[in-house]
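Computed from a predicted model, the values in this text were never measured in an experiment.
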2 protein chains.
Amino acid sequence: MTTKERILKAAYSCFSRRGYLGTTTREVAHLAGVSEVTLFRLFGSKKELFREVLINFSVIPDLRSISPPNGSGCEVLIDIGLKIYSSLREKKEFLKILLSEVTGLTGEAEEVYVSFVETLETLLLSVFSSVLALPQGELKLKVKVFGAALFGFFTSEEVFQGKEISSEEVRSFIEVLSRSICGGKE
Amino acid sequence: MTTKERILKAAYSCFSRRGYLGTTTREVAHLAGVSEVTLFRLFGSKKELFREVLINFSVIPDLRSISPPNGSGCEVLIDIGLKIYSSLREKKEFLKILLSEVTGLTGEAEEVYVSFVETLETLLLSVFSSVLALPQGELKLKVKVFGAALFGFFTSEEVFQGKEISSEEVRSFIEVLSRSICGGKE
DNA sequence: ATTGTAAGTAAGTGGTTACTTACATAGGAG
DNA sequence: CTCCTATGTAAGTAACCACTTACTTACAAT
């Protein structure tokens, strides 16, 4: 692991635990096992380091790399739900950072957030349109409901309350959600 | 409005826009039109001011004061959904503060958040159990789905993206959600 | 052997911030 | 009139923090 990577990883950890303002460059450098001077030589400023962290650990590429499952009916929704959920969980720290800074910082994080939502909804829409024969408008509403429920559940339980939700619980949640959206039919 | 109230209101505004660490006591005092010394005389410390803001502007009492509607089927879910959503919206700033500080600060905000979720789910459970004849386990899952979708939609759109969602859009969302949960039956 | 690169150490700079101290003022209650 | 309470002004303190400067060290390539 290069020095730059070690610093990025340390910054990722600090920012997710303490937030941008709560993190000191000294702390990051210490955690990375380098001197503070090195940090500034490699990244220029704290803000730039933050930007690079957001780019480096973004969940967006993970979402983009999900291949829409093929199959029929409800099962497909469950499948995509599980895949998305596991991506979110793998990047929980990234989402922590994003959500705690999105309201405060200068639109820096807000852009990233908007792009995250777009990516998520695009993915869902492609799956939904292959499974449900409905007009675009209704489809988009269902995508919103599905996406909001998935995202709301994850953030509320795992990000904000810090719980570790078991796979079974996640599966139950996603099954109930998917069946509801499908119209109750199995 | 007493001096204390003016300071509380100013602090509420600052904290919600800039976060706890991003807010300076000087800024709060200036916005409240009082001297910084007065602020410290009345609140002792910035942390204590923050605590009082969380108590003073909490959405939890609003949720508790919602009376579970009576009626039948889906309409009741739509009704409670709309009521909850309008409470959340009225206290958007409070939720901004809560969500941006819940991961960072010393569990201060986390307790409040947990209590918020409990209140919300208790309210929903009481409504759901009067409308849907289902075993407790399934009921709780449906409450989770409903609550997560409502909360996820609100936070994602209004808090994190800063959008102002129109009443019609909110209503459409809640109708689709409620009908899905009810099992599609009107 | 020389040079270049990546890193460290030490020391500081300039600015900010929460919070304090000391003293003044203005208005109402007794 | 006199005290009390609420507030203000001015000045300062101690700590912290992002970031810089100047110089050094270690090592690898040429």
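Ring geometry for A/Phe151 versus A/Phe116: interplanar angle of 30 to 60°, hence tilted. Ring geometry for A/Phe173 versus A/Phe153: interplanar angle under 30°, hence parallel rather than tilted (30 to 60°).
Sorted by residue number, the members of residues 20-28 of chain B with any non-hydrogen atom under 4.0 Å from DNA chain C read B/Thr23, B/Thr24, B/Thr25. Near-neighbour residues of DNA chain C inside residues 43-54 of chain B, defined by a heavy atom below 4.0 Å, number-ordered: B/Ser45, B/Lys46.
A salt bridge (charged side-chain N to carboxylate O under 4.0 Å, His left out) with B/Arg171 is found for one member of B/Glu169, B/Glu168, B/Glu175 and no other, namely B/Glu175.
Side-chain contact of B/Tyr113 with B/Glu101: a donor-acceptor pair under 3.5 Å is absent, judged by distance alone.
For an aromatic pair to be called close, the ring centres must be under 6.0 Å apart, and A/Phe57 with A/Phe94 fails this.
Atom CZ of A/Phe40 is separated from atom C1' of D/dT20 by 9 Å (rounded to the nearest Å).
Bounding nucleotides for the chain B contact on DNA chain C, 5' to 3', at a heavy-atom distance below 4.0 Å, are C/dT17 to C/dT21.
Residue B/Lys83 places its NZ atom among more than 12 non-hydrogen atoms of other residues, nucleotides or ligands, all under 6.0 Å distant. Residue-environment remark: CD (B/Glu111) stays at or below the threshold of 12 foreign heavy atoms within 6.0 Å.
A distance-only check finds a donor-acceptor pair linking the side chain of A/Thr23 to the backbone of A/Cys14 [under 3.5 Å].
Contact of the A/Glu157 side chain with the B/Lys144 side chain is registered, since non-hydrogen atoms from C-beta on lie closer than 4.5 Å.
A salt bridge is absent between A/Arg17 and A/Glu93: the closest approach of a Lys/Arg side-chain nitrogen to an acidic carboxylate oxygen does not fall below 4.0 angstrom.
For B/Tyr12, the side chain to side chain donor-acceptor pair (under 3.5 Å) criterion is met by no residue, not counting sequence neighbours. Residues passing the side chain to side chain donor-acceptor pair (under 3.5 Å) test with B/Lys4: none are found, sequence neighbours excluded.
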Filtered N/O pairs between nucleotides 5-7 of chain D and protein, under 3.5 Å:
unit_1 : atom_1 : unit_2 : atom_2 : d
D/dT7  : OP1    : B/Thr3 : OG1    : 2.3

